[in-house]
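Just follow the structure's listing: the first ligand is 1, and inside any ligand the first atom is 1.
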Amino acid sequence: MPFSLFPPVASTMAGHVDRYYLFMWAVTLVFSIGITAVLLYFAVRYRRRDRDERPAEIHGSLLLELVWSIIPLLITVVMFVWATWLFFAQVRIPDDAIRVNVVGKRWMWKLQHMTGQREINELHVPVGKPVHLVMTSEDVIHSFFVPAFRMKKDAVPGRYNETWFTATIPGRYHIFCAEYCGTEHSKMIGTVVVMEPSDYQQWLAGGPAPVSPLALGQKLFTERNCATCHYGDSGARGPALNGLPGSQVLLAGGASVTADDTYLRESILTPAAKVVAGYQPIMPTYAGQLGEEDVAALIAYVKSLPPLAGDAASRKARGLGSN
Ligand code: CUA
């Protein structure tokens, strides 16, 4: 491969990020050269010529002060507005994105598609379609970095981080771990394979019959007898799970939290951390018994549960008032 200063530009965001990077680089370059040149010129032009020389005092210049305040202000406003636009474009996940779960583990990347296909250190995606990555780690902090997409996100144990990309050119692109994670950090690499949609469909259809996270979640939910307590009645030992994801949950002690994926994960692994108001901390911990993929599967299943008949009933079952 011939030497190139930049990785390939292969996502919808990559060009935007490069233009901003070049702008920042140009501003830095212009000021560095300009200031150095003026510094050298003044050093020569205003050097001390003899021992008794006393320069005239300067009492300031309003015009000069305005110029060197307003010009940097305008430049930094451009930097701020542009960077903010980029930031929001990167954090807002398109609604039609394909979801892929990413689990970092020393020293590999485990990826799972919602249709069930599992991959290690390889991610197959269709060209031109947004892909939503939901990532976590089984051990230490890793960082999922695809230079060709100008996309990098930490995979942090104990929480879910999200990002997305839309690949624009079919091909194979490097995945790196961008957070030092131990001896084989440098070998924690992989490949994103961007395919034409028809090839992607073919790839999805090939291989052994996959088990989707939803199906796995349903199986685990039954195996672990979750419904013994979470059967969705207001008299149950555990709060109803129907309609729970995304809602506000009132906790014992008065605080309230949003039931996002990170909360659901915590409530499965360390249930005593945030107990729902009106319930006893009787749920056993599943830390060490369920892997990250199992937890993600259970969350997918809980999200698929239909809301209970009568929203008021389900809110009451979760310890919420009638707001
Ligand atoms: Cu994983 Cu560095």
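For a distance bound of 2.8 Å, the N, O or S atoms of Tyr180 include none lying that close to atom 1 (Cu) of ligand 1.
We find that Glu292 and Lys110 are not joined by a salt bridge, their nearest charged nitrogen and carboxylate oxygen being 4.0 Å or further apart.
At atom 2 (Cu) of ligand 1, the vertex angle linking SG of Cys181 with SG of Cys177 is 120° (nearest 10 degrees).
His185 has its closest N, O or S atom to atom 2 (Cu) of ligand 1 at the position named ND1. The minimum distance between atom 1 (Cu) of ligand 1 and any N, O or S atom of His142 involves atom ND1. Glu179 contributes O as its N, O or S atom closest to atom 2 (Cu) of ligand 1.
For Thr136 (side chain) and Arg159 (main-chain N/O), a donor-acceptor pair under 3.5 Å exists by modelled atom type.
Between Tyr41 and Tyr46, the ring-plane angle classifies as perpendicular under the 30° and 60° cut-offs. Using cut-offs of 30° and 60° on the angle between ring planes, the pair Trp109 and His142 is perpendicular.
Judged by distance alone, the side chains of Gln117 and Thr115 do bring a donor and an acceptor atom under 3.5 Å apart.
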